[in-house]
Amino acid sequence: MKNYYDYAASTPVSQYALEAMEPWEADNFANPSSAHQAGRKSYQAIQQAREIIADKIGALPSEIIFTSGASEANNLALKGVAFKHLDDKGHIITSEIEHKCILNTCAFLETIGFDVTYLSPDQNGRISPASLSAELKSNTILISIHHVNNELGTIQPIEEFGAIAFEHNIPFHTDAAQSFCKCDIDVDDMDIDMLSLSGHKIYGPKGIGALYVRDARDSGLVPLIHGGGQEAGLRGGTSPTPLIVGLAAAVKSYPIKSAPIEKQFLEVMSQFDFIRNGGEYVVPSTWSVTFHTNEEVKRFTSAYPWLISQGSACNALSNVASHVLTAIGMSEEVARRTYRISLPPYKFSEK
Ligand SMILES: *Cc1c(COP(=O)(O)O)cnc(C)c1O
């Protein structure tokens, strides 16, 4: 797609993933829960996909629960834990700069009696481990902090959050929709108990994602969709074989090489006066830029009519400054000069 630099909002499906999906759309359509030979074939394709995804994050295949995407995975993680505590309720810690699907789930849980603390980021969008420690309560039932911010590209110190959670025996969930495949993740090394990921941010299809759940079958997580026992009983519904196979193929074919695009991008941007937000720890593909003046914004947008976002795609249709930019201390006026440019994602390795 010409002039498209909004890859943090969505990516195309890679050719490799498309080709992997094709045989499962019409030829091998059998229900993976069917006991006959064709059903077994679908089941095995799904199991293979589960292994590929589990491998990527150091998990077991049985710990991968397929969902419709990261929004559903986040809902399952938060409500699934909260619904275990419907009698005594409890306290949840998250941050002010989560994706809307986390924030709106937390807002809902507050309406039914749960207590939620929203940690504030610093001006770069980093959440400090010390602020997490300071907010722990004796009835904290869950910590949920994202890995990479979708608007700023900021990488959070999740291994430190994980260590704190582990030390206090509190489950730790992270929304990794913007980091999965782009950053190295090991759920054991990082003490992650649940992790959400999405297909359409990594060249897989839309409508598929997953929640990693440590010891899924014994987790006691309450399902949102009760059904025929699929996905370890945590997510009912006939498993979508093509989407699952496509997701795994996208994972397998990562990283996408896009270094030349970054070079061209830097050349374009060198003509303008702007600052990059997000500080020192950012993924290389997501650029939150604030132009110095409105004239500079006009000069940029008229010379380069790129398909980009102000804030994230989800905020773009409303006229208010994004909650992320506000949380890092930006005024409405500065937020209006701020754009998110996201390049084709590629793998980021810390030096
Ligand atoms: C895109 C995104 C989501 C939502 O993922 P879907 O698969 O579209 O539901 C959640 N969290 C973050 C950080 C995202 O970037």
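The structure presented is a predicted model; accordingly, all values stated were derived computationally and were not measured. The chain is numbered in sequence order, starting from 1.
- For Ser95 (side chain) and Ile97 (main-chain N/O), a donor-acceptor pair under 3.5 Å exists by modelled atom type.
- Annotation: the span from Lys100 atom NZ to Ser322 atom OG amounts to 8.0 Å, rounded to 0.5 Å.
- Residue Phe83 is grouped with residue Ile141 when hydrophobic side chains (ILVMFWY) are merged at heavy-atom distances under 4.5 angstrom, including chains of intermediate members.
- Cluster annotation: Leu221 and Leu195 are assigned to distinct hydrophobic clusters (Ile/Leu/Val/Met/Phe/Trp/Tyr, side-chain heavy-atom contacts under 4.5 Å, transitive).
- The nearest pair of heavy atoms linking Arg337 to His292 is NH1-O, 3.0 Å.
- Taking all atoms of both residues into account, the shortest heavy-atom contact from Thr67 to Ala210 is OG1-N, 3.6 Å.
- In this structure, the side chain of Thr11 engages the main chain of Tyr203 through a donor-acceptor pair within 3.5 Å.
- Annotation for Ile46 and Ser239: closest pair CD1-CB, 3.6 Å, computed over non-hydrogen atoms.
- Side-chain polar atoms of Gln48 and Gln44 form no donor-acceptor pair below 3.5 angstrom.
- No close placement of the Phe172 and Phe166 rings is indicated, their centers lying 6.0 Å or farther apart.
- A donor-acceptor contact shorter than 3.5 Å is absent between the side chain of Thr140 and the backbone of Leu136.
- The backbone N or O of Val283 sits nowhere less than 3.5 Å from a side-chain atom of Thr286 that would complete a donor-acceptor pair.
- The shortest distance between side-chain heavy atoms of Ile192 and Ile185 falls below 4.5 Å.
- Contact check for Gln123 versus Met330: no side-chain heavy atoms found under the 4.5 Å cut-off.
- A distance of 11.5 Å separates CD1 in Ile341 from OH in Tyr304, rounded to the nearest 0.5 Å.
- For the pair Glu63/Val213, no side-chain contact is recorded, criterion being any heavy-atom separation below 4.5 Å from C-beta on.
- When side chains are defined from C-beta on, Thr238 does not count as touching Ser33, because their heavy atoms never get closer than 4.5 Å.
- Within the model, atoms CG of Leu247 and NE2 of His200 stand 11.0 Å from one another, a figure rounded to the nearest 0.5 Å.
- For the 3.5 Å distance criterion, the side chains of Ser196 and Asn74 qualify, holding a donor opposite an acceptor.
- Sequence neighbours left out, not one pair with a member in residues 216-227 passes side chain to side chain donor-acceptor pair (under 3.5 Å).
- Residue Leu325 is tested with Glu332, Glu151, Gln310, Arg336 for a side chain to side chain contact (heavy atoms under 4.5 Å, CB included); the sole match is Glu151.
- The ring pair (Phe, Tyr, Trp, His ring centres under 6.0 Å) contacts involving residues 2-46 comprise Tyr4-Tyr7, Tyr5-Trp306, where partners must be two or more places apart or lie in separate chains.
- Counting heavy-atom neighbours within 6.0 Å of Lys206 NZ, excluding the residue itself, gives a total above 12.
- For Arg340 (side chain) and Asn150 (main-chain N/O), a donor-acceptor pair under 3.5 Å exists by modelled atom type.
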Side chain to side chain contact (heavy atoms under 4.5 Å, CB included) for Val289 and Asn277? Distances and angles first, verdict last. CA-CA 6 Å; Val289 300; Asn277 305 301; 5.7 Å; no
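- The cationic group of Arg126 lies under 6.0 Å from the six-membered ring centre of Tyr281 and within 45° of the ring axis, placing it in a cation-pi geometry.
- A distance-only check finds a donor-acceptor pair linking the side chain of Gln156 to the backbone of Ile127 [under 3.5 Å].
- Looking only at distances, no side-chain donor or acceptor of Arg276 sits under 3.5 Å from a matching main-chain atom of Trp287.
- Minimum heavy-atom separation, Lys201 to Ala9: CE-O, 3.3 Å.
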Report the C-alpha separation of Asp6 and Ser309 in whole Å, then their side-chain angles, then the decisive distance to 0.1 Å, and conclude whether the side chain to side chain donor-acceptor pair (under 3.5 Å) test is met. CA-CA 7 Å; Asp6 201 14; Ser309 296; 3.0 Å; yes
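- Under the side chain to side chain contact (heavy atoms under 4.5 Å, CB included) rule, Leu119 has a single partner from Ile93, Ile143, Thr94, which is Ile93.
- Arg299 contributes a side-chain N or O that, together with a main-chain N or O of Gln271, makes up a donor-acceptor pair within less than 3.5 Å.
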Let's go through Thr241 and Asn28 carefully: what are the C-alpha distance in whole Å and the side-chain angles of both, what is the deciding distance for side chain to side chain donor-acceptor pair (under 3.5 Å) to 0.1 Å, and is it a yes or a no? CA-CA 9 Å; Thr241 317; Asn28 304 306; over 6 Å; no
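- Distance CE/Met21 to CD1/Ile244: 10.5 Å, rounded to 0.5 Å.
- In Glu280, the CD atom is not crowded: 12 or fewer heavy atoms of neighbouring residues, nucleotides or ligands sit closer than 6.0 Å.
- Connectivity analysis of hydrophobic side chains (ILVMFWY, heavy atoms under 4.5 Å, direct or indirect) links Leu60 to nothing; its cluster partners are none.
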For Gln37 and Arg40: C-alpha separation, side-chain torsions, deciding distance, then whether side chain to side chain donor-acceptor pair (under 3.5 Å) applies. CA-CA 5 Å; Gln37 199 187 354; Arg40 293 292 82 193; over 6 Å; no
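- Between His85 and Phe114, some side-chain heavy-atom pair lies under the 4.5 Å cut-off.
- Listed for the Glu51 side chain is no donor-acceptor partner under 3.5 Å among the backbone atoms of Pro61.
- Taken to the nearest 0.5 Å, the NE2 atom of His91 stands 9.0 Å off from the CD1 atom of Ile170.
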Please step through side chain to side chain donor-acceptor pair (under 3.5 Å) for the pair Thr154 and Asn149, ending with a clear verdict. CA-CA 5 Å; Thr154 309; Asn149 189 269; 5.7 Å; no
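- Using a 4.0 Å cut-off between a side-chain N of Lys or Arg and a carboxylate O of Asp or Glu, Asp188 and Arg214 qualify as a salt bridge.
- Looking at Glu98, its side chain never comes within 3.5 Å of a backbone N or O of Leu103 through a donor-acceptor pair.
- Atom OG1 of Thr174 sits about 8.0 Å away from atom NE2 of His146, to the nearest 0.5 Å.
- Ion pairing of Lys89 with Glu110 is absent here, as no side-chain N (NZ or NE/NH1/NH2) approaches a carboxylate O to less than 4.0 Å.
- Of all the heavy atoms in Cys101 and Asn75, the pair that sits closest is O-ND2, 4.2 Å.
- Both the sub-6.0 Å distance and the 45° axial angle are satisfied by Lys79 relative to the ring of Phe108.
- Counted within 6.0 Å of NZ on Lys41, heavy atoms from surrounding residues, nucleotides or ligands total 12 or fewer; the atom is thus considered open.
- Residue Ile102 is not grouped with residue Tyr212 when hydrophobic side chains (ILVMFWY) are merged at heavy-atom distances under 4.5 angstrom, including chains of intermediate members.
- More than 12 non-hydrogen atoms from other residues, nucleotides or ligands lie less than 6.0 angstrom from CG of Asn3.
- In terms of heavy atoms, Pro205 sits closest to Val13 at CA-CG2, 3.8 Å.
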